[in-house]
Amino acid sequence: ALHQQGATVIVHYRNSAGDAKALCDELNGIRQGSCLIQQAELANIDSLQIMIDQIISDTGRLDILINNASSFYPTPIGKIKESDWDNLMSSNLKAPLFLSQAAAPHLTKTQGCIVNMVDIHSERPLKDHPVYCAAKAGLAMLTQSLAKELGPEIRVNGVSPGAILWPEDDDESAETKNQQQAILDKTSLNRIGSPEDIANAILFLVAQADYITGHIIPVDGGRLLNQ
């Protein structure tokens, strides 16, 4: 969506080199030289600064940072391991903070913005996911904190998706279908959303929200009303 509006896009990946290259090739096929890829392990703080430095070397500027990398899986009480804590906190909270810090000097120069992908479960806990929910709650507060720290030059906002895509490992069983329907029954619009709904919210925050900072937009079809 950002690419369609004329942005040069940097696609970050950790292990999915093939998928990242395929997306980049597709975008460059539309507009030559409009997409680059960068590999980095976001849990490694040093790699974040290296990635930002490389982006500036390649493009000369940075206008928008979207913090959307995320691990998501259940961690029921009694089965939580320290590695679960480290993984979920690293991708959902640690990386957005340190990547924002690395990007801040360059975003300041361009009067840029940061958009964090939060989650409605930062406000309403999801059963069996205490670590993930705590990490996203931390990201919600980080969004507000960064808005205070980085203003007036940089705007910082967030988007909280509701039911947009079902988990990739969901099966087709009747039990799973019933669970999905139960979620939709708690959604005022009574339907699943789409990735385009998220993209449109991000486009609004990036391009049309010059006087909005420190806020998180729920894109959830009214789910938060019926938790």
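Please read all numbers here as calculations on a predicted model, not as lab measurements.
- Salt bridge present: R61 and D63 bring a charged side-chain N and a carboxylate O closer than 4.0 Å.
- Tracing side-chain contacts under 4.5 Å through hydrophobic residues (I, L, V, M, F, W, Y), one never reaches L99 starting from V9; they form parts of separate clusters.
- Using a 4.5 Å cut-off on side-chain heavy atoms (C-beta onward), S160 and V219 make no contact.
- Contact annotation: the side chain of M89 never approaches that of K94 to less than 4.5 Å [non-hydrogen atoms, C-beta and beyond].
- Annotation: side chain of R14 is not in contact with side chain of L42 (no heavy-atom distance under 4.5 Å).
- Counting only heavy atoms from C-beta outward, the side chains of R191 and L184 never approach each other to under 4.5 Å.
- Proximity of a side-chain donor or acceptor of N157 to a complementary backbone N or O of H215 within less than 3.5 Å is detected.
- Side chains of V159 and F204 form no contact here, defined as non-hydrogen atoms less than 4.5 Å apart.
- For Y73 and H129, the ring centers sit 6.0 Å or farther from each other.
- Using modelled atom types, no side-chain atom of T187 and backbone atom of G221 make a donor-acceptor pair closer than 3.5 Å.
- Looking at heavy atoms from C-beta onward, I164 lies in side-chain contact with P195 at the 4.5 angstrom threshold.
- At least one side-chain heavy atom of Q180 sits under 4.5 Å from a side-chain heavy atom of K177.
- For the pair H12 (side chain) and A40 (backbone), a donor-acceptor distance under 3.5 Å is present.
- Contact detail for V11 and C35: the closest heavy-atom pair is CG2-SG, 3.7 Å.
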Q: Might you work through the side-chain hydrogen bond (donor to acceptor under 3.5 Å, both in side chains) test for D185 and Q181, ending with a clear yes or no?
A: CA-CA 6 Å; D185 288 343; Q181 188 58 51; 2.9 Å; yes
(Q) Applying side-chain contact (heavy atoms from CB on, under 4.5 Å) to S122 and C133, what does each step give before you reach the verdict? (A) CA-CA 5 Å; S122 65; C133 291; over 6 Å; no
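- Although no hydrogens or angles enter the test, the distance criterion places a donor-acceptor pair under 3.5 Å between the side chain of R155 and the main chain of V206.
- With Y132 as the fixed residue, the side-chain contact (heavy atoms from CB on, under 4.5 Å) test singles out one of T75, D119, D84: D119.
- For the pair S16 (side chain) and Y13 (backbone), a donor-acceptor distance under 3.5 Å is absent.
- Hydrophobic clustering (ILVMFWY, side-chain heavy atoms < 4.5 Å, transitive): L48 and I66 are in distinct clusters.
- Side-chain atoms of S57 never come within 3.5 Å of backbone atoms of D53 as a donor-acceptor pair (strictly under, hydrogens ignored).
- Counted within 6.0 Å of CD on Q179, heavy atoms from surrounding residues, nucleotides or ligands total more than 12; the atom is thus considered enclosed.
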Q. Can you list the steps and then say if E175 with S173 is a side-chain hydrogen bond (donor to acceptor under 3.5 Å, both in side chains)?
A. CA-CA 5 Å; E175 181 181 2; S173 68; 5.1 Å; no
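- Residue M117 forms a side-chain contact (heavy atoms from CB on, under 4.5 Å) with just one option from I198, N67, I216, and that option is I198.
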